Structure formats: C-alpha cells, structure tokens
Amino acid sequence: MSPLIEARSVELAFGETPALRGADLSVEAGEVLAVMGPSGSGKSTLLHCLAGILVPDAGEVHFDGQRMDTMNEARRSALRRDRFGFVFQFGQLVPELTAEENVALPLLLNGVRRAAALAEARPWFARLGLDGMERRRSGELSGGQAQRVALARGLVTRPQVLFADEPTGALDSLTGEQVMELMVDAARSQGTTVVLVTHEARVAAYADREAVVRDGRARTLSSGPVPGVAAGRVAS
Ligand code: ADP
C-alpha cells in the first residue's frame with residue numbers, strides 16, 4: 001500500500017535561510033505520526049509543505065496519488081478545505097464568534113447552511129467535555145477549553161488528515177495530555193490520519209510512530225504495524 005502522504009527530497013528556503021534541505025517523510029493512512037525535533041529544525045515548514053500551504057523549492061509532495069507540489073493554488077486550497085483539518089498552537093478562534101460558531105466555521109465556509117452547520121458542530125461539545133460552553137466567546141474560555149474548541153473545528157468536516165502544529169504548546173501538562181487524548185481518540189474514531197508536530201516527547205508518546213527533523217532533514221525513528229489500521233478502525 002502506498003503512503004497517504006509522501007515528501008521526497010523536499011527543499012525550501014526562506015530567503016537565505018534554508019529550512020528544509022532534502023526532507024523525506026511518508027505518512028500512512030490512519031496513523032498518528034509525531035514529527036519531532038528541536039526548535040528551528042524545520043518541523044513546521046515540513047508540515048506546511050505536506051498540507052499544501054507552502055510549495056517546496058525542490059522535491060515532491062504526493063497526497064493520495066496526486067502531486068501536490070505542482071498543483072496550482074486553487075486546487076491546493078480546495079484540498080485543504082475538503083480533505084484537511086488544522087489545529088495550531090494558539091487555537092486562533094475568531095473572538096467575535098461563539099464557540100459553536102467557531103466549530104461550525106469550516107462547514108459554513110464550505111457552503112453548508114447555518115442551521116445544518118451548527119447541528120454538526122454541537123455534538124462535539126459533549127464529545128470533548130465542553131457541555132455548556134456552546135455560546136461562550138473565546139475570551140470566556142480557559143486555554144484548554146479554547147484548544148478543545150479549536151480541535152472540534154479541525155475535525156468537524158471529518159477530514160482525511162488532521163495537521164496539528166504544537167497543539168499543546170500553550171497548555172500546562174495536564175491540560176495538554178487531555179487535549180492529546182481527545183485528539184487521538186476523536187481522530188481514530190473517524191479514521192482521520194494525524195500529522196502532529198511537537199518538540200515534547202510526552203506529547204509524541206500518543207503517536208503510533210515518530211519521525212525526527214534535524215537541520216531540515218527528516219528521519220523516521222520507528223515503524224511497525226499501525227495500530228489504527230491493524231485494528232481495522234480506519235475508514236476506507
Ligand atoms: P520548527 O518548526 O522546527 O521550529 P521551522 O520550520 O519553523 O522550525 O523553521 C525552520 C527554519 O526556517 C528556522 O531557521 C526558521 O527561523 C526559518 N523560518 C521559518 N519560517 C520562516 C519565515 N516565514 N520567514 C523566514 N524564516 C523562516
């Protein structure tokens with residue numbers, strides 16, 4: 001079986017600063033992959049290349065049998081909207097919207113009607129332990145609650161891949177572990193593949209497999225059976 005996402009010899013520089021210098025990485029469907037490495041090693045840049053946000057200067061990125069690095073921006077944008085979900089370090093909720101409107105936002109942007117989008121968004125509050133928080137705005141939520149709302153927003157479209165960039169980076173360790181547990185359980189239950197960037201081994205421990213980025217090159221640490229796949233829990 002070919003990987004769901006594959007980066008081959010990816011290079012990318014920001015002006016004179018090389019961020020990726022020939023990174024290779026593959027992500028299997030249904031797995032939770034942690035991308036680790038020290039600050040500045042190129043983890044976020046690699047994630048942005050895998051997600052079609054950045055286009056590499058050289059090398060190839062394949063997603064589900066398609067070359068992503070040669071696609072135009074409109075097609076990459078459609079892929080991001082239809083197939084990918086995102087969670088970032090600081091949840092980046094829209095402060096003017098309620099929590100349930102924030103969760104519904106990707107659906108609204110996809111043209112789903114408001115009532116239907118909110119109906120899809122609401123069950124996420126019970127699922128993520130956020131009962132009663134539906135009408136709050138981000139200023140009225142704790143850091144952990146806001147990040148769970150951001151997680152629901154990342155998963156509400158049932159994306160094929162969830163890209164998470166230091167999703168627990170702004171949380172204390174207990175809250176961070178709760179968010180990781182919820183993220184991994186929710187992703188597995190709907191067959192979403194997760195690519196997780198973190199510099200914390202404690203966070204990476206939730207993943208099936210780890211890759212390490214150093215000086216813009218990626219190395220896979222461990223491989224083996226992918227639990228989600230082995231257990232047959234992955235949607236086709
Ligand atoms: P990590 O996620 O491992 O901390 P990054 O991918 O963010 O690493 O950064 C890799 C390198 O690229 C670093 O040297 C960083 O300073 C540089 N870099 C990242 N983003 C930008 C940018 N937008 N402009 C200029 N340099 C950048």
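Indexing begins at 1, ligand by ligand and atom by atom, following the structure's order. Just so you know, residue 1 is the first one in the sequence shown, and it goes up from there. Quick caveat: nothing in here was measured; it's all calculated off a predicted structure.
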Please say which of V35, T193, V161 ends up in a side-chain contact (heavy atoms from CB on, under 4.5 Å) with V27.
-> T193
L12: which of L54, V55, T17, L46 passes side-chain contact (heavy atoms from CB on, under 4.5 Å) | L54
At a 4.0 Å threshold, what atoms of ligand 1 neighbour a non-hydrogen atom of [X]?
X   : value
S41 : 1 (P), 3 (O), 8 (O)
S39 : 4 (O)
P38 : 3 (O)
K43 : 1 (P), 2 (O), 3 (O), 4 (O), 6 (O), 8 (O)

Could you check whether the rings of F88 and F86 sit parallel, tilted or perpendicular, using 30° and 60° as the cut-offs?
-> parallel
Residue and atom name of the nearest protein heavy atom (relative to [atom]), distance in Å to one decimal:
atom                    : answer
atom 9 (O) of ligand 1  : T45 OG1, 3.9 Å
atom 18 (N) of ligand 1 : F14 CD1, 3.4 Å
atom 7 (O) of ligand 1  : S44 CB, 3.8 Å

Ligand 1 contacted by G15 (non-hydrogen, < 4.0 Å) = no
Hey, is G40 one of the residues with a heavy atom under 4.0 angstrom from ligand 1?
-> yes
Thinking salt bridges, do [X] and [Y] make one under a 4.0 Å N-O criterion?
X    : Y    : answer
D165 : K43  : no
E6   : R67  : no
E96  : R137 : no
E28  : R209 : no
R21  : E11  : no

Proximity to ligand 1 by part of T17, non-hydrogen separation under 4.0 Å | side chain
Does T192 reach the main-chain N or O of P159 with its side chain, forming a donor-acceptor pair under 3.5 Å?
-> yes
Can you find an N or O of G42 that's nearer than 3.5 Å to an N or O of ligand 1?
-> yes
Report yes if some N/O of A19 lies less than 3.5 Å from some N/O of ligand 1; otherwise report no.
-> no
For atom 15 (C) of ligand 1, is the nearest protein heavy atom under 4.0 Å away?
-> no
